[in-house]
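Notes follow the structure.
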Amino acid sequence: MISYIIRRLFSAVILLFVISLITFFIFYVFPRLGGQTTESLAEQFVGKTQNPQAIAAVIHRFGFDQSVWVQYGRFIKGIFVGYDYDTGTRMSHCPAPCLGYSFKTNNLVTDSIGQWLPVTISLAVGASVLWLVFGVAVGVASALKKGSVVDRAGMITALVGVSLPVYFVGPLLSLVFVVNWHILPDPGYVHITQDPWGWFTHLLLPWIAVAFGLAALYARLTRVGMLDTMNEDFIRTARAKGLPERTVIFKHALRAALTPIVTIFGMDLGFALGGVVLAEQVFNLPGIGREAVDAVGQSDLPVIMGVTIVASAFIVLANLVVDLLYGVVDPRVRVS
């Protein structure tokens, strides 16, 4: 198991390095191949007070006149040990992990992402708990009561959930629970350390809106997996040995049925952490998904690049956790 973990960690590090290389070339090399010059790139930093001296200072400060590989090496160095920028009048230190400065606000990209990240993490993790718990529970109940009212009601709800997007479910939930019934406050973000109950109530509707469709998908997958597993020989053997039905279902059948669920859960959680863009737009939550959309509209390259790398790192991390859990759930993975 230890060698399996080491191999997966090594693969994750290599993958992050490749992602950083591809991302850097996409955002800093391809625009130049399309005709953008170092001066036009520097003008985005200078803003309205443009003059040749200011543009030349920015080019020198950020090293736009250096070779691509020198700039990439400086970018990697900044991530691990930080970087010192020479402004001409003083040295400005960007601490590790340094992802540069925003074109528009001139703030450190890592500081901005650090402000947005708790919102996205709260939204993604809370929604993932809902869609996993309710999806698996409905799927197991439907499989055990195949053909019953419970099964049909669960699958009809799942079909409706898969069909309805977040931008429809979100406003509908707000209209019912906030405007008409006054049960919940307007969706928003309250830091969990300041007001845990406020954090929960303000995020409950966004969680439900994000989780509704995915819970429906997980319910259908769990039902199919349980129905297939319940017909396997090892389930009949377990029953023939006289094991309690609860042990047969939850220790043997559900464990086997959860193997594909674990795989897609890691990918879904990684994508959700990378930015639940629609939910953040619908509920006006200041997470990295909404801010990334704003940065794209403003052509703020350092912010776009920083968010892309952070989102990619979350997806790689989520897949790494899934690989490790896969080895725990299925012993054949450890052996291979």
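These figures come from a predicted structure and were not determined experimentally.
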- Near Arg236 CZ, under 6.0 Å, is it more than 12 heavy atoms from other residues, nucleotides or ligands? yes
NZ of Lys241 to OG1 of Thr247, rounded to nearest 0.5 Å, is 11.0 Å
*Is there a donor-acceptor contact under 3.5 Å from the side chain of Tyr101 to the main chain of Pro302?*
no
Residues Ile79 and Ala96: closest non-hydrogen pair is O-CB, 3.6 Å
Checking Asp111 side chain against Asn107 main chain: does a donor-acceptor pair fall under 3.5 Å?
no
Ser148 side chain to Lys145 main-chain N or O, any donor-acceptor pair under 3.5 Å?
yes
CZ of Phe168 to OG of Ser163, rounded to nearest 0.5 Å, is 11.0 Å
> Is there a donor-acceptor contact under 3.5 Å from the side chain of Trp207 to the main chain of Ser122?
Replying inline: yes
Looking only at heavy atoms, the pair that brings Lys146 and Leu227 closest together is CD-CD2, 3.9 Å
> Would Val119 and Leu123 count as a side-chain contact (heavy atoms from CB on, under 4.5 Å) if you check the C-alpha gap in whole Å, the side-chain angles of each, and the deciding distance to 0.1 Å?
Replying inline: CA-CA 6 Å; Val119 181; Leu123 181 57; 5.6 Å; no
Donor-acceptor pairs are to be reported for all side-chain atoms of residues 284-294 against protein atoms at under 3.5 Å, with residues two or more places apart or in another chain.
unit_1	atom_1	unit_2	atom_2	d
Asn284	OD1	Arg290	NH1	2.5

Quick one, Val248 with Ile235, criterion side-chain contact (heavy atoms from CB on, under 4.5 Å). Give me CA distance, side-chain angles, the key distance, then yes/no. CA-CA 7 Å; Val248 173; Ile235 295 296; 3.8 Å; yes
(Q) I'd like to know whether Trp69 forms a ring-ring contact (aromatic ring centres under 6.0 Å, His included) with Phe25, so could you lay out the CA-CA distance, the side-chain angles of the two residues, the decisive distance to 0.1 Å, and finally the verdict. (A) CA-CA 10 Å; Trp69 293 109; Phe25 271 73; 5.4 Å; yes
Nearest heavy-atom contact between Leu130 and Ala211 is CB-CB, 3.8 Å
In this structure, CG of Leu16 is separated from CG of Leu320 (nearest 0.5 Å) by 9.5 Å
One should read off an interatomic distance between Leu254 CG and Arg246 CZ, to the nearest 0.5 angstrom, of 13.0 Å
Of all heavy-atom pairs linking Val169 and Ala209, the shortest is CG1-CA, 4.0 Å
CH2 (Trp199) and CG (Leu204) are apart, to the nearest 0.5 Å, by 10.5 Å
(Q) Could you check whether atom CZ of Phe134 has more than 12 heavy atoms from other residues, nucleotides or ligands sitting under 6.0 Å from it? (A) no
Exactly one of Phe17, Phe24, Phe80 clears ring-ring contact (aromatic ring centres under 6.0 Å, His included) with Phe75, and that residue is Phe24
Looking at Gly147, is its backbone amide N or carbonyl O close enough to the side chain of Asp151 to form a donor-acceptor pair, meaning the two atoms are under 3.5 Å apart? yes
Rounding to 0.5 Å, atoms CG (Leu205) and OG (Ser174) come to a distance of 5.5 Å
Verdict with reasoning, Ser102 to Asp300, per side chain to side chain donor-acceptor pair (under 3.5 Å): CA-CA 6 Å; Ser102 167; Asp300 198 344; 2.5 Å; yes
Would you say Phe234 has more than 12 foreign heavy atoms packed within less than 6.0 Å of its CZ? yes
Checklist line | Side-chain heavy-atom pair Leu99, Met305 within 4.5 angstrom cut-off | finding: no
Scanning both residues in full, the closest heavy-atom pair of Cys94 with Leu108 reads SG-CD2, 3.4 Å
